[in-house]
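Encoded as structure tokens, the structure appears first; notes follow it.
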Amino acid sequence: MTETAPRPDSALPDRPSLEGLENKWDSVWSEQQLYAFDPDTTRDQVFSVDTPPPTASGALHVGHVFGYSQADMIVRYQRMRGKNVFYPLGWDDNGLPTERRAQNYFGVRCDPSLPYVEDFTPPQEGGDNKSSKTANQLPISRRNFIELCERLTAIDEKSFEEVFRTLGLSVDWNHSYQTINAHSRATSQRAFLENLQAGQAYQSEAPTMWDVTYRTAVAQAEQEDRDRDGAYHQLGFTKTDGTGESVVIATTRPELLPACVALVAHPDDERYQDLFGSTVTSPLFGVEVPVMAHPLAQPDKGAGIAMICTFGDANDVTWWRELELPTRSVIGRDGRFLPEAPWISTQEGQDRYAELAGLTVFSAQKRVVEMATESGDLTGEIEKISHPVKFYENGDKPLEYVTSRQWYLTNGGRDQSTGGLRDALIERGRELTWHPPYMESRYRNWVEGLAGDWLISRQRFFGVPFPIWYGVGADGETDHGTVLTPPVESLPIDPTIDVPAGFTADQRGVPGGFVADPDILDTWGTSSLTPQLAGGWNSDAGDDGLFGKVYPMDLRPQGHDIIRTWLFSTIVRSHLQQDSLPWKHASINGWILDPDRKKMSKSKGNVVTPIGLLEQHGSDGVRYWAGRARQGVDTAFDEGQMKIGRRLAIKILNASKFALGFGAAPVDPAGRLAADPAAVTDPLDRALLARLAQVVEQATVAFDDMDYARSLEVTEPFFWAFCDDYIELVKERAHGNSASGEAGAASARAALAIALEVQLRLFAPVIVFATEEVWSWWRGGSVHTQSWPQAAPLQDAAAGQDAALLDSVAQAAISVRRIKSDAKVSQKTPILRVKVVAPQTALAHLEAAAADLTALGRIDALELVSGESDDILTEDVELGEPPVKKPRATD
RNA sequence: GGGUCGUUAGCUCAGUUGGUCAGAGCGCCUGGUUUACACCCAGGAGGUCCCCGGUUCAAGUCCGGGACGACCCACCA
């Protein structure tokens, strides 16, 4: 690019302003395709970013703005370092949030039994209230429902993109993707089929955590604990040795009494030694169950002896499996008691169970307690407690264990052997470079604590269907052992519509035919593949294809709250699929806390929507707030910081206008700097460039470690000193009003141009709009595609001048200014005479810059003398008359 | 119960490998209509660096113990 001299003053705006810069520059960047990935490239030239796609359903959170801004700073730095940046941003529109939003927005709900309706018009559009009551929603077919979901996500994604553009994210929108579109569905299905073939995906009929509201299985990563009130109920079981003695157990789930399959105590518990191997009968239902020993039983909990039911909690599952107990399920998929309990052999027991059939868990508990109170089997006090209960993170009823056939993907939870999958995944965590490094331990903790493989099937509608069918036997029963798969070329498929090879549509569901797997994949089952989705693994995977040029990605930016979910599941998929890490670096951003140090979240009603902030403080102001926060550190929501950022952006505009207004600087023949370094002859000017070289070095070291905050932290104070001290000092000289004449003016103008241009580059990753605006006043192209500044040319221009000169002069300036502040007179007041006392080293500096210092202080007679103190002091001051004040316009 | 992070000025936070590290901004106080900027400028006051030990010539900084706060995980009979 050819260097251009600063344009004449007329090119500079009279009153520069931040208003409207976002729209102005977003349009230009978009039109010029400034952030477009260049496909003609090799992997080593590329810096690729795998951003977790946001869920476009619902409100955009200020946390998005925070984290995405930070990632964008790292990306912009890499672009300026000459990398060919691959920075797509997709939309995670696959899954439950979209379903729920579509239900509210259109006033519908999915009923898969209904037929598809052509040209369907939903009962409402734009609803957002609490019309989610099922009764008010129109039931529609699955296909109609999915069409509405897709319509809604298109609307939402458009508005999100507007916000991100306004924020100044340097995303290549040409490479945007959706996790529910055909390419993503095909990719997800192909990955699953390959997992299936490799034995990494398997089906199993087992007790799983089940949400009775959504009627779907729920994976470990989607569960959370909530404190709920409960109570210990003491129930007496009767010994069968003829003594009629009772064994009292304590339970918080008395309603599960009919599902009891055994009692269990610790093998070393002396109180129960005689009972092990014997049997007891349950109260109310009279079912005979064995008393068994197992080390998991805790002598100090409850009564020290527990009833095992199928299933109340994770211990029940363990005991049931390890003690090889029968299954007696009482709770159905709708959370209500099942109609029959055939293992109950007494008529009295059957009559009592009949009262429970069809009841919810809550009602059944009430009824069982009543019955046990009447019969006298409930003994002692009911002890109320508060205890943690597992919930689906989106649900409002406790999870229940339900036995069902589900699909699992290996994730190390069951392979804890040395050198097994779990170890391999922990090792992947070590390979990844974490920013900040301590975040790795969160990953490791989670992997080490996994209780089982990844349950990836969901009994929902809007999502990626399992691309499989099962054979139907001659008896009409589904044969889950016969899994029929489609060829990869046919993906994506919907097995409820498409037909497996070798069958015809009329064989669906008939003996000897086939039946579709009715489930969809966990939304993480697709969103864990974002590097593959964005990188074109399933469409452009050859050595010369896109995937070979961008994968593994360089950077994964995300919040620490989704390390255990998104980050982990993505590592699992890449490990299984590509035998590699999905990315080299993970940059982990913190959370936004409200002023009370609580996490900001929708449910707490303290969420601030970002668009208003961007308008009020300017995108540069908001980005500055994000840029001051370090990676991984939870950060207070602080509009004060945004105001400071806005002030900085305005200052950049004003200072630039001023620095460029002194007239044209000599052109650098070598073209490496904004002006001719040979013209920089004044010691003060050289000291400025020497200091700036140090700043460039520090900022570069910081950014190489992805530490945008540190870079900003060294750049910002330099800039303020540049404005308040340096510019003030050289003002007169730059105008040519100095004894040094034209040579002195040329030196100042060159130094101003060089320093300003370098600072614009240093600020560009953070303050994207104001820097671009200034750049456009006098330079060609965009600041965002310039190279990151280098220290060496600045050092050369400084010609060995010690940067400390700048500090000495700044200190002297403070002393001189203090004279007038203390005297409470205007800084314009002349100083007739002053003696400045400085240590020997500083004295030489002051002598070199004496002319600029006298201009700054309006000093007539300046005497520089050597002193003992380390400080720079003033003596023998004689102030002149303050300038005449103009009379005020009023009063 | 296990793990991780934090505690520095009224507030929000920097303080690399122990040696100008007692810092910045905001807020506060005192001044200034200074032709780049009143969305400004100049000057100033403010701190037992959570506590207790230890290592060292020297400790916000390293080690041990503790307190408080935040988050993740586990426990749910």
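Below, chains carry the letters A, B, ... as their sequence lines are ordered, and counting in each starts from 1.
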Inset, instruction - For the pair Glu22(A) (side chain) and Ser619(A) (backbone), establish whether a donor and an acceptor sit closer than 3.5 Å, ignoring hydrogens and angles. - result: yes
Inset, instruction - Determine, for nucleotides 72-77 of chain B in 5'-to-3' order, which nucleotides have protein heavy atoms under 4.0 Å from the base (write B), from only the sugar-phosphate (write S), or from neither (write -). - result: SSSBBB
Inset, instruction - Whenever both distances are under 3.5 Å in a Watson-Crick or G-U wobble pair, mark it; put RNA chain B into dot-bracket that way, with [ ] for crossing pairs and | when the partner is on another strand. - result: (((((((..((((.....[...)))).(((((.......))))).....(((((..]....))))))))))))....
Inset, instruction - Specify the separation, in whole Å, of atom CZ of Arg710(A) and atom P of U16(B). - result: 9 Å
Inset, instruction - Using only side-chain N and O atoms of Lys657(A), determine if any of them is under 4.0 Å from OP1 or OP2 of U35(B). - result: no
Legend entry - Residue Lys731(A), side-chain atoms from C-beta onward, closest of C13(B), A36(B), G32(B): A36(B)
Inset, instruction - Hey, could you give me the CG/CD distance between Leu399(A) and Glu222(A), rounded to the nearest 0.5 Å? - result: 10.0 Å
Inset, instruction - Please list, chain by chain and in numerical order, all residues satisfying ring-ring contact (aromatic ring centres under 6.0 Å, His included) with Phe718(A), sequence neighbours excluded. - result: none
Inset, instruction - Select base, sugar-phosphate, or nothing to describe what Cys309(A) touches, counting heavy atoms under 4.0 Å on all strands. - result: nothing
Legend entry - Trp720(A) CH2 - G23(B) C1' separation (whole Å): 18 Å
Inset, instruction - Please state whether the phosphate of A38(B), meaning OP1 or OP2, lies under 4.0 angstrom from any side-chain nitrogen or oxygen of Arg15(A). - result: yes
Inset, instruction - Check every strand shown and say whether Glu728(A) touches a base, only sugar-phosphate, or nothing at a heavy-atom separation below 4.0 Å. - result: base
Inset, instruction - Considering only atom C1', compute the distance from C21(B) to U8(B) and round it to an integer number of Å. - result: 11 Å
Inset, instruction - Using atom CZ of Arg630(A) as one end and atom C1' of C13(B) as the other, report the distance to the nearest whole Å. - result: 9 Å
Legend entry - Interatomic distance, Glu732(A) CD vs U35(B) C1' [rounded to whole Å]: 12 Å
